[in-house]
J.: 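Just dropping this structure here.
In this chain, numbering begins with 1 at the start of the sequence shown.
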Amino acid sequence: MILVAAAVVGLPVTLALAATPAVFPPGAGQAQVQAACGPCHAVTIVTSARKSDAEWERTVEAMITRGARVPDEDYDAIVDYLIRNFSAP
């Protein structure tokens with residue numbers, strides 16, 4: 001986590017900014033996610049998202065309808081990777 005200190009109207013303020021990974025975490029499905037999401041999205045767009053299992057499934061489906069190239073054999077690996085690494089708390 002990165003802490004940023006600032007003074008607002010003379011009062012000290014500390015903001016906590018969550019560090020968002022600039023690379024996809026290693027693991028099963030990483031290469032497939034990079035190949036499917038990387039052509040259109042910065043890594044941080046994906047790594048900063050926190051979604052439920054159903055939301056990740058809907059997101060991947062929506063990206064496919066918009067042109068993401070996700071081979072049928074990679075679909076489960078991609079969804080599983082996103083859920084495992086970027087699920088909502």
J.: Using every non-hydrogen atom in the two residues, find where T44 and T47 come nearest and quote the distance to one decimal.
T.: CA-OG1, 3.2 Å
J.: Name every donor-acceptor pair, under 3.5 Å, that has one atom in a side chain of residues 75-88 and the other anywhere in the protein, sequence neighbours excluded.
T.:
residue: Y75; atom: OH; partner: E61; partner atom: OE2; Å: 3.1
residue: Y81; atom: OH; partner: P25; partner atom: O; Å: 2.5
residue: R84; atom: NH2; partner: A28; partner atom: O; Å: 2.4
residue: N85; atom: ND2; partner: Y81; partner atom: O; Å: 3.0
residue: S87; atom: OG; partner: I83; partner atom: O; Å: 2.3

J.: For residues 29-42, dump all side-chain donor-acceptor pairs below 3.5 Å to protein atoms at least two apart in sequence or in another chain.
T.:
residue: Q30; atom: NE2; partner: F24; partner atom: O; Å: 2.9

J.: Is there a path of hydrophobic side-chain contacts, each under 4.5 Å between heavy atoms of I, L, V, M, F, W or Y residues, that connects V43 with V46?
T.: yes
J.: Output the distance between atom OG1 (T65) and atom CE (M63), rounded to the nearest 0.5 Å.
T.: 7.0 Å
